[in-house]
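Written out below as structure tokens is the structure these notes cover.
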Protein chains: 2
Amino acid sequence: MNDTRQFHLLAGLATGRDARSDDAIYQALWEAIVEHRLSPGARLPEDALAGAFGVSRTTVRRVLQRLALEQLVTLRTHRGAQITSPTPGEARDVFRARRVLEGALLAEVMRYITLEDVQALKQIAEQERHASREQAIRLSARFHTRLMAIAGNASLSDALSQLISRTSLIIAVYGRGQAGCPCEHQTLIELLKAEALAPVQHWMHQHLADIEASLDFTASGDALPDFEHLFGHHREQNVS
Amino acid sequence: MNDTRQFHLLAGLATGRDARSDDAIYQALWEAIVEHRLSPGARLPEDALAGAFGVSRTTVRRVLQRLALEQLVTLRTHRGAQITSPTPGEARDVFRARRVLEGALLAEVMRYITLEDVQALKQIAEQERHASREQAIRLSARFHTRLMAIAGNASLSDALSQLISRTSLIIAVYGRGQAGCPCEHQTLIELLKAEALAPVQHWMHQHLADIEASLDFTASGDALPDFEHLFGHHREQNVS
DNA sequence: TGCCTTGAGATTGTATACAAGCATTTTCCA
DNA sequence: TGGAAAATGCTTGTATACAATCTCAAGGCA
């Protein structure tokens, strides 16, 4: 497939948004990565992106650098950018980090959570059920991010958001078939309402353990672009 | 004082290092910020930095963007970069986050720590005692970073490193006189050798609490450049 | 005298030109 | 025919030019 064509599909989403082209391009790429429309190993030529988004390479480079610092893309000198393929070691790191962070943050979450928060979470969980599989991955990340934002600690929330995004990459490489969160987030909402910390923490630990256990690190530990995803599933995104 | 002159002092450190100018410039600026030679509110004109480091604005911009994503500098459109002045709210956030992260990581540290690690930490602590006050701040950050690296979780270590750097900014704005870590890191080393987790965790909590308690949020919550630091203490850095 | 307006200077935002390095293909030789 | 070396084309790295915007100071008006 033609690169420019492919990235034009992403650009359609970006231009419809606000003025700040940086944020728009970042958002478009972030969503494409998290939704597995751009799979690990995929190359991101600056020219193609610049053309698709209607900006110069300068702007694209800035966005790519940001994504690189968040470890979603990998920059190699004179070889350009490509979607990061996490190694098995990095994958375990990310899950360990998430267990630590989400476990610690949940205590704060339970202290500060309001009815509005529950409503917002319920809405996301509802959208998840009716969304396409690709969008469900993004909404799942959004659910976790929104949940942990309740703790009101921006520093930890930001760090955690990056870990959640990287989890999506890990699932893209090592996942076996099923999507991101196999279990229902709605179950968690019920537990949240009960206002007891222990069951919530237990559920979250189990949740993360389930995801990690569903991974298969034996095969293709390396950076093999997943062309099936890249070429097959991004059609319904053409909404410009 | 002349901006270019000031930044030339930093550049001397950078050029003496390796080829990758990006990393060299980043290191030089990072150290200057953490050592309070560049204080919160100080402006960082691209031209002056480019001239000082002997590169173009393009390279400088890339480094500044990285520092901005790490929240050490603040970028405002058409107004350039300046060293970030953390708000009191952000300061509390950072300390809360550090308590959570360092507390959680210490358990892992105690599991994996080796004699070599202790030696490395002892060496840093020793350097701290003989260093100038500015260098002591940087070495203190280094001590914490090195300690937490023992846990072997790169994701959390990176996040924590950023928090430690930001702590230096917080002390620059809200600190009252005394330097970063008033207490002796050597005390911690003795506790580490004893291989008991509880005392170590208690010490660390107290350590962070002490630092936070020594801050004064009532005065100058805003971005007032600390010209005394900026103009007074950077002379001993001229080693080119 | 004090405040607002206006203009010049300086700084940043974006795009583009050119140089440097990599990848692929083509060609030549065994 | 297979392999290796060279060359061409493409992508990225860096610097610079120009436009847009802000800052600060000078001047005018109430």
Can you confirm whether the side chains of B/E212 and B/Y174 place a donor and an acceptor under 3.5 Å from each other? no

Side-chain donor-acceptor pair present, A/R98, B/S155, cut-off under 3.5 Å: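 There is no such pair (donor and acceptor under 3.5 Å, judged by atom type) between the side chains of A/R98 and B/S155.
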
B/R57 or B/R62, whichever maps to the more 5' nucleotide of DNA chain D: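 Result of the comparison: B/R62.
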
Gap between atoms [atom1] and [atom2], on [X] and [N] respectively (whole Å):
X     : N      : atom1 : atom2 : answer
B/E46 : D/dT14 : CD    : C1'   : 15 Å
B/L49 : C/dT12 : CG    : P     : 9 Å
A/L75 : C/dC22 : CG    : P     : 16 Å
B/R61 : C/dA15 : CZ    : C1'   : 12 Å
A/Q65 : D/dG13 : CD    : C1'   : 13 Å

What nucleotide among [options] has an atom nearest to a side-chain atom of [X]?
X     : options                : value
B/S56 : C/dG13, D/dG13, D/dA15 : D/dA15
A/V55 : C/dA15, D/dT12, C/dT12 : C/dA15
B/T58 : D/dT12, D/dT14, D/dA15 : D/dA15

Short heteroatom pairs, N/O only, protein and nucleotides 19-24 of chain D, under 3.5 Å:
unit_1: D/dT23; atom_1: OP1; unit_2: B/R79; atom_2: NE; d: 3.3

Do the non-hydrogen side-chain atoms of B/T84 and B/I33 ever get within less than 4.5 Å of each other? no

Apply the side-chain contact (heavy atoms from CB on, under 4.5 Å) test between A/L49 and each candidate in A/V55, A/V60, A/V63; give the one that qualifies.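 That would be A/V60; it is the only one of A/V55, A/V60, A/V63 passing the side-chain contact (heavy atoms from CB on, under 4.5 Å) with A/L49.
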
Any sub-3.5 Å donor-acceptor pair from A/E31's side-chain atoms to A/A28's backbone N or O? no

Where do A/R66 and A/D22 land on the salt bridge (Lys or Arg N to Asp or Glu O under 4.0 Å) test, with the steps shown first? CA-CA 10 Å; A/R66 176 171 170 193; A/D22 265 38; over 6 Å; no

For D/dA15, does OP1 or OP2 lie under 4.0 Å from any side-chain N or O of B/T59? yes

